Amino acid sequence: MIEPRVLYPGSFDPLTLGHLDLIQRAVALFGSVEVAVAENSSKLALFSVEERLEFLRAETGAMPVKVEHFRGLVVEHARARGIAILLRGIRTVTDFEYEYQMAMTNRQLAPDVDTAFIMPSEDYAYLSSRLIKEVYAAGGELRRFLPERVHAALTARLRRTN
Ligand code: ADP
């Protein structure tokens with residue numbers, strides 16, 4: 001695989017069909033993409049970083065996608081990889097405000113790194129990992145939002161905790 005020129009960072013906790021939609025669009029546009037899982041110490045995480053990497057690798061195995069993790073500043077991780085484009089998804093106007101601030105902050109930190117935005121299919125335009133966590137906590141059905149193996153892992157976990 002050629003070295004990706006684009007970095008798609010996020011927490012991917014959990015990986016959703018919205019994330020995968022974005023990854024497919026990024027591959028179509030840029031030829032390949034590196035997906036980078038942010039290591040954050042949130043106690044509210046559903047899956048460990050290792051589990052998230054496993055899901056991403058399993059779901060993107062057949063595509064020109066590299067899956068890594070990083071700690072600290074995303075722009076530093078991009079620079080270390082020789083990547084000058086960050087990719088983010090925009091779903092709503094609220095996303096835009098947050099993403100705009102983040103892109104501008106990253107530009108201050110690293111003027112040589114730009115952020116590109118992609119809109120998902122309208123099927124996933126409302127889908128967020130945060131809402132998935134809330135629906136999961138309330139015992140709701142998540143099958144239609146998640147890759148099958150992520151859904152199966154969540155179901156197994158629910159069984160263990162009940
Ligand atoms: P969350 O999914 O809760 O927004 P992430 O940090 O995993 O959290 O998101 C990583 C990136 O993927 C962000 O740019 C986010 O806007 C984008 N993204 C997440 N879900 C979708 C979706 N359904 N459609 C488009 N972009 C998305």
Side-chain angles (χ1 to χ4, degrees), residues 4-30 32-60 63 65-78 81 83-107 109-110 113-138 140-151 153-154 157:
R5 292 185 302 120
V6 189
L7 188 81
Y8 176 31
S11 36
F12 304 100
D13 184 42
L15 175 65
T16 69
L17 295 179
H19 293 130
L20 287 177
D21 179 84
L22 228 67
I23 291 169
Q24 276 158 5
R25 287 172 197 279
V27 167
L29 273 173
F30 297 101
S32 61
V33 60
E34 177 179 321
V35 181
V37 177
E39 285 183 30
N40 46 21
S41 51
S42 167
K43 292 201 181 71
L44 300 174
L46 268 182
F47 291 111
S48 68
V49 170
E50 290 69 29
E51 288 172 307
R52 293 181 228 165
L53 291 169
E54 263 173 47
F55 289 137
L56 272 161
R57 290 197 175 115
E59 294 297 329
T60 63
M63 292 186 250
V65 174
K66 208 176 199 177
V67 179
E68 301 285 347
H69 58 108
F70 73 100
R71 194 189 289 264
L73 289 178
V74 67
V75 287
E76 290 304 331
H77 178 73
R81 289 279 191 280
I83 294 178
I85 307 172
L86 299 180
L87 182 73
R88 300 284 292 175
I90 297 248
R91 290 158 292 197
T92 59
V93 176
T94 323
D95 264 0
F96 176 76
E97 290 192 2
Y98 174 69
E99 294 289 343
Y100 181 80
Q101 284 186 322
M102 200 153 62
M104 287 304 156
T105 306
N106 281 333
R107 177 170 284 169
L109 295 169
V113 177
D114 261 302
T115 307
F117 297 103
I118 295 187
M119 268 70 76
S121 152
E122 65 251 37
D123 294 345
Y124 309 122
Y126 55 89
L127 191 54
S128 83
S129 297
R130 185 180 58 80
L131 278 177
I132 294 282
K133 286 195 188 91
E134 288 182 18
V135 175
Y136 173 74
E141 175 51 53
L142 291 168
R143 187 181 291 275
R144 81 190 69 167
F145 307 126
L146 302 172
E148 181 48 42
R149 72 187 88 225
V150 176
H151 181 257
L154 274 181
R157 173 170 304 197

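Nothing here was measured: the structure is a model prediction, and the numbers come from that model. Indexing begins at 1, ligand by ligand and atom by atom, following the structure's order.
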Problem set entry | Electrostatic pair Glu68:Arg81 at N-O distance under 4.0 angstrom | yes
Seminar exercise, completed: Shortest non-hydrogen pair, Asp13 vs Leu46, comes out as OD2-N, 2.8 Å
Exercise. So which heavy atom in the protein is nearest atom 8 (O) of ligand 1, and how far is it from that ligand atom?
Worked result: Ser11 OG, 4.0 Å
Exercise. Is Gln101 atom CD crowded by more than 12 heavy atoms from other residues, nucleotides or ligands, each under 6.0 Å away?
Worked result: no
Problem set entry | Any N/O pair Tyr124/ligand 1 closer than 3.5 Å | yes
For this session: Indicate, as side chain, backbone, both or neither, the part of Glu99 found under 4.0 angstrom from ligand 1 when only non-hydrogen atoms are considered.
Result: side chain
For this session: Using a cut-off of 6.0 Å, state whether more than 12 heavy atoms not belonging to Tyr98 lie near its atom OH.
Result: no
Exercise. What are the atoms of ligand 1, with element, lying closer than 4.0 Å to any heavy atom of Pro9?
Worked result: 10 (C)
For this session: Answer yes or no: does an N/O atom from Asp13 fall short of 3.5 Å to an N/O atom of ligand 1?
Result: no
For this session: Before accepting this row, confirm whether a basic side-chain N of the pair Arg91/Glu122 lies closer than 4.0 Å to the acidic partner's carboxylate O.
Result: no
Seminar exercise, completed: Nearest non-hydrogen contact to atom 4 (O) of ligand 1 from the set Arg91, Arg130, Met119 belongs to Arg91
For this session: Could you say whether the N/O atoms of His19 and ligand 1 ever approach to under 3.5 Å?
Result: yes
Problem set entry | Residue and atom name of the nearest protein heavy atom (relative to atom 12 (O) of ligand 1), distance in Å to one decimal | Tyr8 OH, 2.7 Å
Exercise. What's the shortest distance from atom 25 (C) of ligand 1 to any protein heavy atom, and which residue and atom give it?
Worked result: Pro120 CG, 3.3 Å
Exercise. Backbone, side chain, both or neither: what part of Leu22 comes under 4.0 angstrom of ligand 1, heavy atoms only?
Worked result: side chain
Exercise. Taking heavy atoms and a distance under 4.0 Å, where does Ala38 meet ligand 1: side chain, backbone, both or neither?
Worked result: neither
Problem set entry | Side chains of Thr92 and Tyr126 in contact at under 4.5 Å (non-hydrogen atoms) | no
Problem set entry | Part of Tyr126 within contact of ligand 1 (heavy atoms, under 4.0 Å) | neither
Exercise. Do any heavy atoms of Ala125 fall under 4.0 Å from ligand 1?
Worked result: no
Exercise. Should the heavy atoms of other residues, nucleotides or ligands under 6.0 Å from CE of Met104 be counted, would the total exceed 12?
Worked result: yes
Exercise. With atoms numbered from 1 as shown, which atoms in ligand 1 lie under 4.0 angstrom from a non-hydrogen atom of Gly18?
Worked result: 22 (C), 23 (N)
Exercise. Going by the order shown, which atoms of ligand 1 are within less than 4.0 Å of some heavy atom of Leu127?
Worked result: 20 (N), 21 (C), 22 (C), 23 (N)
Exercise. Which atoms from ligand 1 have a heavy atom of Gly10 less than 4.0 Å away?
Worked result: 6 (O), 10 (C)
Problem set entry | Under-4.0 Å salt bridge between Glu148 and Arg143 | yes
Seminar exercise, completed: min-distance protein heavy atom vs atom 16 (O) of ligand 1 -> Gly89 O, 2.8 Å
Exercise. Counting only heavy atoms not in Arg57, do more than 12 fall under 6.0 Å of its CZ?
Worked result: yes
Exercise. Would you call Leu86 and Asn106 a side-chain contact if the rule is heavy atoms closer than 4.5 Å?
Worked result: yes
For this session: Could you tell me whether some N/O pair between Phe12 and ligand 1 is separated by less than 3.5 angstrom?
Result: yes
For this session: Quick one: closest heavy-atom pair of Asp114 and Arg107, and the distance?
Result: OD1-NH2, 2.5 Å
